[in-house]
Each structure stands twice: as C-alpha cells, then as structure tokens.
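Bear in mind that the values here come from a model prediction, so they are computed numbers and not experimental data.
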Amino acid sequence: MDKSFEPNTIESKWYPRWEASGVFAPSGQGTPYCILLPPPNVTGTLHMGHAFQQTVMDMLVRYHRMRGDDTLWQVGTDHAGIATQKIVENQLALEHQTRHDLGRPEFLKKVWQWKEQSGSTITHQMRRIGVAADWSRERFTMDEGLSAAVRKVFVEWFRAGLIYRGNRLVNWDPALGTAVSDLEVNNVEREGSMWSIRYAVADSDESIVVATTRPETLLGDVAVAVHPEDPRYAHLIGRQLRLPLSERLIPVIADDYVEPEFGTGAVKITPAHDFNDYAIGQRHQLTPIEIFSKDAHVNDNAPEAYRGLERFEARKRVVADLEAAGLLVEIKPHKLQVPVSERSGAVIEPMLTDQWFVDLTRETLDDGRPGGRKAITEPALEAVRSGQIKFVPDNWSTTYTQWLDNIQDWCISRQLWWGHQIPAWYDEAGNCFVGENEADARAHASIAPVGALRQDEDVLDTWFSSALWPFSTLGWPGDSTERALEWEQFQRFLPSATLVTGFDIIFFWVARMVMATKYFTGQVPFREVYINAIIRDAEGQKMSKSKGNTLDPLDLIDGIELEPLVAKSTGALLLPQVRDKVEKRIRKDYPDGIPAIGTDALRFTFAALASYSRTINFDIKRAEGYKAFCNKLWNAARFVLMNLPETPVFEATGAQPATEAERWILGRLKQTLTEVEGHFTTYRFDLLAQAVYEFVWNEYCDWFLELAKPALQGSDAVAAASTRHTLLVVLETALRMLHPIVPFITEEIWQSVAPRLGLPVTSLLQQSWPQAQHLPEDAAASADIEWFKQVLTGIRRIRSEMNIAPGKTIPLLFAGGDATDLQRLNQFATQIQVLARVEAPQPVPAPEPASAAAVVGSLRLLIPLAGLIDLEAEKTRLQKEIGKIRGEIAKCEGKLRNEKFVANAPPEVVAQERQRITDWTVQQDGLQLQLKQLEA
C-alpha cells in the first residue's frame, strides 16, 4: 500500500475495472433484488440531490449483492420532452432558425444528434459517484422497446374507454406553446395589485363591486357570483350586469364557493382562464369565452380596442380605460402567488384546449364497463392500504392516499415535437382512429376512414412513459422475439424491492407507476418506497442557482480553486446586487476554494445525513471530517500490514483468540454487524454510518490497535501471532462491512489484505457479506476490556489535565476495589504499565499520600502529587468531575420521577437508569473521598 491515501488515483483505477468485469450485472442466483433508478433527464447534470439519492441506492445494491441476492440496479434516462426540445430550439435560435423552419422530421434528427453527443453527461458523472449499476441494461425512454410499451398502453387504455380526448382547462405555457403538468409549475410570491371594479346592474342605478388581481380577464367574464345567503346581493341574483368595456350583459349567479367575508363578496367568473371559475361555469352551464391566443395575446373574442395586445399590455390598457370610464373604484397593493413555468419562466395561463386525458375519476363508463377510478385509481390505493407497498417513513403513505382520494383526470398530451407521438390518426372528416400504428388503427376502425390519415401532432407527457418504467425496462410487452425473451428472463425483478425517491414526485411518478404496473401486469411495481430527504445548504436554505448556494458534487470530489468557484456560483445570477452578495459569501466561506475530499468521503457524509427528516443541511466541514476517517482507515491498514510476518499468506493460529483484547474486538464487531444489518432493513443510514464510524475509528483504530501493542511487542509468541491474525481478520471483515458506503478505499485496501488471508483476489463486491452469527462473543472478555479502557482513560485524563509529560513514567497506587478489580489489576498490570507509562501498580501506603485520583467502580487509582502535580489544580479538577457526575445522577433521577417514563418505558430501560444511578454514586463517593483527603 502507498504511504498516503490518494482518492483520485484509486477512483480512476477501480471504477473502469468494475464496469469492464461485469460485476454489476445480476448473478442469476439468489433472491431477486431490484432497484429502479428514477430516470434523470437526459439534459441533466449531476447535482447534490442526485448524488445523495444515488449513494443511498448504491449502498443498498452493494449490500444485497454481497448478501448473495440476484441484484439488478436498473438505470436509464428520461427523454425530458420540454427540456430537451428547448435546448435544441435555443441552439437553432443562435442560427436564427426555428423548428418550423426545419419541419418535424429534420428537427427530430437534430434532437437525436444532440442526445447522442451530449445526452450521456449525467450517466458519466454517475460513475464518479461509484454506482454499481448494470450499464449493459441502461434504458432511455425513447428506446424502441420502451416506445412499443408506450404505444401498447395508450391503445389498450383507449380501447378500454380509459383514455379520451376533450376540451378542458389546462396549465398553458405561452412561451413553449404547450400544456404543462402541475409539477412544472412553481407558485411564486410576487408584489401585485388588487383592482376593485364597478359592474353596473342593467336597467338600474345599482352596481356590484368586484375585486380582482387580473383585470384584463374581465374581457372574458360570463357572470358575477355571490353567495346565495349573502343579504347584500340576494335581490340581484338572476339580474343582468353590464360587463365593463364591453357591450355584453352577464348574469349574477349564486354559488356556495363564494366567501361573503372575503373582499366584496362578489366574484367575477371567467371559466376559460381560471380553474375555480371553470368549475363554477360547469355547475351553472355557462359557456366559456376564450380571450387569449396560444401565445397569450388578446384574440378576436374581445372588444376590438384590445385585440392583438399581449396580455400584460392589455392589462394596462384595461385599467386605464376603466379609470377613464369611472369604473375603477380603487387599487390596493397585494401579494399574490403567480404560477410560473419551471421550464420557460413564463407566467402560466389557464387555457381551454383540446387534450388527451386518462380517466381516473369515473366509477363506470356509459357502456357499463369499469371507469378509471375503479380500474386504475382504486387498485393503486389498495396497494398501499393493504400493505403490498410500504412507505418509509410511513407518514408519506398518507400523502399518497390523500392525493389519490382527490385525484383529477390526467392530461397526458403535450404540444411538442420531441416525445412519443400520440398513436392516433384523423381522416379528412375529422374522425379519430387509435392503434399501435396506422394499419392497426385502420384495422380497429368502427367506420371506414375518409381519405388519407394524418397522425396527431401532439406527444405524450414525459411522465406517461416514466410510469411504465418498472416493467417496460424489463422487456414488456415482449413485442419482438428479443424482447419476449428478455421479459421472460427479467420479469423475476418485478416487483422491485425498493424505490428510492423524493417526496416531490410521489404524485407525478410513484402513484402513476403503481397505477400502470397494477393494471398491465397485475403486480405492484415495488414493495417499499424510501422517501429520501431533500438536501439544503449548511444554513438550511434551499439550494438554488439563483441564490448561488448550490454545490457541485464533483467539485467536492475533485476540489476547486476559489476563482473558478466564484465564477461558477455567480455565472447564472443576473442582478448585480445578488451577484455581489453571493461572491462575498463564497469568498468568506471558501477563502481557499474547496479542497478535494474524494468520492468515499462524500458518500460517507451522505450516509451520515440520511435520516428520516424531510430536509437535511449539508455542511462541507462534515465531509472534511469523513475524509479524515478515510485517512485513519488507510493508516490503520498500513499498520496492520507492516506488523505481519514476511510470509505471503498469514497462517491462522486456530479458532480461539489468545488475548482478552482479541475476544473483545471480535465481540464488538459482531454487535456492530448486527446493528448495521438492522439499519439497512429500516433505511436508517445515519445510524448505520454512526455505528461503523464508532467501531472503525474508536474501537478498532484507537483502542484495539493500541491494545494489540503489548502482545505484538511482548515475549509470548502465541499471543503475538494470534493478535496479528485477529488484526487482519477484523480489518478484512470491517472492509466488507464498510464497502457499501465507501467502495473505493475498501477495494484498494482489501486487495492488499486478501492475499495475506489466502482469499482469492477478485473484487470486494464479489465477496460475501460478513455474517454476525459466525463471530464469537465473550462477555467476560468484553467486561474485562471495558474495565481496562476505563483504567487507561482515567490515568490519561489525569496526565493530560495535570500536564504530565507523555514520556514520563510515573508511580501508580491503588486503593479499594472488590476482588474482581484486584484480579483484573493483576491480570492487566503489564499492559497498564506499557500503555499508561506507569510503574507497576502498588497498594496505597499508610498514611495515604496526597494524590490525583481516577475512580473505576469502587477502585481508586492514585498518582502521588509530590513533584508531579499542583495540589490546588487537582482539587479543582476533582470538584469539576464531581459536578459532572451529580448532573448525570440528576438526569437519571428526573427520568425515574417521571411517572409516564416509568409506566411506559420497557422494564429493562427503567432498570438500566436505576443501575446508572448506582454506578455514578459509587464513582461520586470515591472522588469525594479523594477530595476530602486532599483538603485534609
């Protein structure tokens, strides 16, 4: 092994070897275990959320592979319809072209060219995180096999009456010219205004004042609604109002939706451009009037004076005209939530358009067949309610079921060119025919098509194809010989074991995968859904390019100098004041840039943060701490290897270790492995990381390596040989235990360790997971060593606090203690002398000299003060120690005085608290006795 740990050298060596060896592929033996990668956008680059989520998945995959499971990590990317099309359209804009200049076939060629050249960025970056994914099975949602699945699902649902085409209100992005899903809409708080407008009652001097944040939409008003029990307006219900700035008359209607105490208690109704108004319009059979074109300009349905104006220009004109007409009552500042497209930044416009929908709400269809609620929604609800699918943490199951209980039909069409073109064709008369291809559509036509057919120009929502991910990636529907064989072989991975994903796509992806998989395969897509937390910065702020507080995981792995980091963090910021603020923060927080910590340290940090919390704060200082952990592991391995004999293979000394220290460390290893396996089962990766950290850093590196020195340096050849063997065995076992978290460093060290134990040197990932039940446990040896550790700790604390030179050998006296203490003192006398740098322990003489004391149980360990220690300083130290112990006793007594704790806590926990009081009291009495003697 090299003298120092160099992450970059190791990582660049091992990942290509793993991938080339095929070690990531399913073994074909053992219990099937599958994880589905939430397919990142083909346009994407690795961010902290990806790196965190993929670390969690990789830990599970490596753990189950080592346990002998037939493990598949199914990876791939999503075609990301809107994002990808926007990238290519932006490239064309630089050449002063649009997609319409090229036409659909040529434009799609351009998109595929971009995908081949740049679309694999994120998958290459994923390799840097060390993901043990079967790249030979990498899928893309526009692959022919997955496209065949999309067509089949659409056609089958359509023929079952579960997909329909209708004119409905949708979120419309006027910049992109397409409907978008709720997931692609951000509600942003902005400063706005509330305009109060007077609507005159026809044939009367009365009027109704209506307040609105969108005065331009009054051009499309079809009614004003009031609450049916509002006495102010009861006499006006059914009367007609003059629509301001228009010749039209509109009715006053009564609807329970209106809140009398909010605003004026009267609400303008514009069904074509507001979702709540649309619902009211449907209840009252009002005909919507669209006043905006698809690019958000006023159309010919509005009065002539406003036609052709962009909607916000129209707002200014409308407000000015209302004021001129004396109809503008007042304007108030008003904060409001504005729906903004995540993709384009444009304000979303609710728009009535012809779209395709999946029925998720009807119990039965008009012809008596099961409707979407019965056929699709309820089976997805039952999958979670029955326990077939479990959420971790469990509270997310409530989120899932509440959404499905109140679900609306799913708009699946998008007005794009990049994506799965909807398999529907129209004849010259406008009749629609659906099929997997044109021939299939004609074959299933109920009436003969008129003339040539043209395919629907819309594409399917990206989430439609992603909903099929659990089975389309495995070869379903088996529509070719090759895919039929694949489905036959790989459907063993359905259901997959665990889905690791964020809470923000429970509705848009998780629920839809359950719907589609249950309907088309009869199975659930996965058995457990682990909802990972969202990564925030060290101050708990959401990571955002607009805030300049994002961290690139590769910058943490490789390091980055200050100036490039500043440029990277401020590059996307447009406002000078924001840019200056971010630059100051970067220069303050990272004056020397970001040092390289390596992949393993970053992965360990993610594991340590992966609790059940909804969000977690990422602090780079913790990552630097886990780099220190990697260094410590590296140095410990070098120490062990340097203390082995020259023979190539270390000869075992037999099943029984020779020393108490060996039996103790083996018992601690057994306990740690048991803890780790439990934490894998419950997805408590934070507790898992804590357990392995504690064992490796504190117990193996700090204690066992030191406890081994007396045996290694002593004259007992059997103890020395046995200790060397145990050092090596525990190290090799710990490397296997650590491998799912820190794969690179463990692989590199294991390659040097394995030959010394006569193990076949292949890959650490191909080794079996260590079995806790095969390790010995010696309670007596463990108790002895824990006592010994307390003795050493007590003596060292005195040396440290009294500033006694580390190399100075000092006398050690003892007093009190029971028979077990005295037997242990005699048993460990040599080790205490060597490791504590003391003379052979002696009974305290009479009279007892002034001494510094450490108390272990009822045993007092005394270091005479003469020539060594300041008497007053030792009194102060003892008083401080007694104060700490009193605090611990008070904590225990407080718990035991709590009736709820005593009644509800397990009996062993209550007993443990009582025993703690006893133990602390014994120590307190010993220290108080020592203090009295010093004061005397």
Side-chain angles (χ1 to χ4, degrees), residues 55-56 59-60 62-67 600-601 603-611 625-626 628-630 632-637 639-640 657 659-708 723 725-743 745-747 749-750 753 757 764-765 767-790 793 912:
T55 296
V56 167
M59 287 192 292
L60 289 166
R62 289 178 183 269
Y63 171 68
H64 281 276
R65 191 180 297 280
M66 294 177 75
R67 284 181 64 88
D600 287 324
R603 288 173 60 114
F604 208 121
T605 309
F606 285 140
L609 292 171
S611 65
Y626 292 119
F629 172 87
C630 293
K632 185 137 183 164
L633 176 63
W634 184 269
N635 293 333
F639 171 84
V640 171
T659 68
E660 287 82 0
E662 294 173 73
R663 291 191 282 274
W664 165 76
I665 195 65
L666 288 166
R668 283 299 303 126
L669 177 59
K670 180 187 184 81
Q671 292 166 17
T672 303
L673 270 170
T674 302
E675 285 182 51
V676 166
E677 290 174 359
H679 296 323
F680 265 119
T681 301
T682 57
Y683 303 97
R684 285 305 302 266
F685 303 105
D686 56 332
L687 302 181
L688 184 158
Q690 181 182 335
V692 297
Y693 184 97
E694 175 69 22
F695 175 80
V696 173
W697 184 291
N698 293 330
E699 294 173 325
Y700 185 75
C701 295
D702 281 354
W703 279 109
F704 185 57
L705 264 60
E706 188 169 22
L707 296 175
T723 297
H725 181 252
T726 300
L727 278 166
L728 196 61
V729 166
V730 174
L731 175 61
E732 193 276 337
T733 306
L735 291 172
R736 284 185 281 151
M737 177 176 67
L738 281 166
H739 183 71
I741 307 178
V742 284
I745 188 173
T746 51
E747 182 73 82
I749 296 173
W750 188 83
V753 168
L757 286 169
L764 183 48
L765 187 55
Q767 303 307 302
S768 61
W769 178 258
Q771 299 297 309
Q773 64 268 30
H774 295 160
L775 290 167
E777 189 170 24
D778 188 325
S782 294
D784 286 347
I785 293 299
E786 292 301 333
W787 177 92
F788 181 39
K789 286 167 60 182
Q790 290 183 59
T793 300
Q912 183 183 38

Colleague: Quick one: does any side-chain atom of Tyr700 pair with a main-chain N or O of Leu727 as donor and acceptor, under 3.5 Å?
Modeller: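 Yes, the answer is positive, given that a donor and an acceptor are paired below the 3.5 Å cut-off.
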Colleague: According to the salt bridge (Lys or Arg N to Asp or Glu O under 4.0 Å) rule, which pairs have a member within residues 774-785, sequence neighbours left out?
Modeller: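 Every salt bridge (Lys or Arg N to Asp or Glu O under 4.0 Å) pair that includes a residue of residues 774-785, provided the two are not neighbours, is Arg663-Asp778, Asp784-Arg824.
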Colleague: Any donor-acceptor pair under 3.5 Å linking the side-chain atoms of Gln671 with those of Thr674?
Modeller: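 No.
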Colleague: With no hydrogens and no angle check, do the side chains of Gln767 and Trp750 hold a donor and an acceptor under 3.5 Å apart?
Modeller: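 Judged by distance alone, the side chains do not pair up.
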Colleague: What do the steps show when you test Phe704 against Arg668 for side chain to side chain contact (heavy atoms under 4.5 Å, CB included), and what is the final call?
Modeller: CA-CA 11 Å; Phe704 185 57; Arg668 283 299 303 126; over 6 Å; no
Colleague: Ignoring hydrogens, what is the shortest heavy-atom contact between Arg603 and Pro743? Give both atom names and the distance.
Modeller: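 That closest heavy-atom pairing would be NE-CD, 3.3 Å.
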Colleague: Among all residues two or more places apart in sequence or in another chain, which pass the side chain to side chain contact (heavy atoms under 4.5 Å, CB included) test with Gln912?
Modeller: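 Per chain and number, Gln912 pairs via side chain to side chain contact (heavy atoms under 4.5 Å, CB included) with Arg916.
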Colleague: Val729: what forms a side chain to side chain contact (heavy atoms under 4.5 Å, CB included) with it, not counting sequence neighbours?
Modeller: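 Partners of Val729 by the side chain to side chain contact (heavy atoms under 4.5 Å, CB included) criterion, ordered by chain and then number, come out as His725, Thr733, Leu757.
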Colleague: Check Val696, Val753, Val742 against Leu735 for a side-chain contact (heavy atoms from CB on, under 4.5 Å) and give me the one that passes.
Modeller: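 Result for side-chain contact (heavy atoms from CB on, under 4.5 Å) with Leu735: Val753.
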Colleague: For a quick test of reading the model, state the closest non-hydrogen atom pair linking Phe629 to Phe604 and the distance between them.
Modeller: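 Reported closest heavy-atom pair: CE2-CE1, 3.5 Å.
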Colleague: Any idea how Tyr63 and Phe680 line up, ring-wise: parallel (<30°), tilted (30 to 60°), or perpendicular (>60°)?
Modeller: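 Parallel, since the angle between the ring planes stays under 30°.
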Colleague: Could you tell me whether the side chains of Glu699 and Trp664 share a donor-acceptor contact shorter than 3.5 Å?
Modeller: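 No, Trp664 and Glu699 have no side-chain donor paired with an acceptor closer than 3.5 Å.
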Colleague: State, yes or no, whether a side-chain contact exists between Trp769 and His64 at a heavy-atom distance under 4.5 Å.
Modeller: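 With C-beta onward as the side chain, the pair stays apart.
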Colleague: Would the distance check show the side chain of Thr726 and the main-chain N or O of Thr723 forming a donor-acceptor pair, the cut-off being under 3.5 Å?
Modeller: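 Flag not set: sc Thr726 to bb Thr723 has no pair under 3.5 Å.
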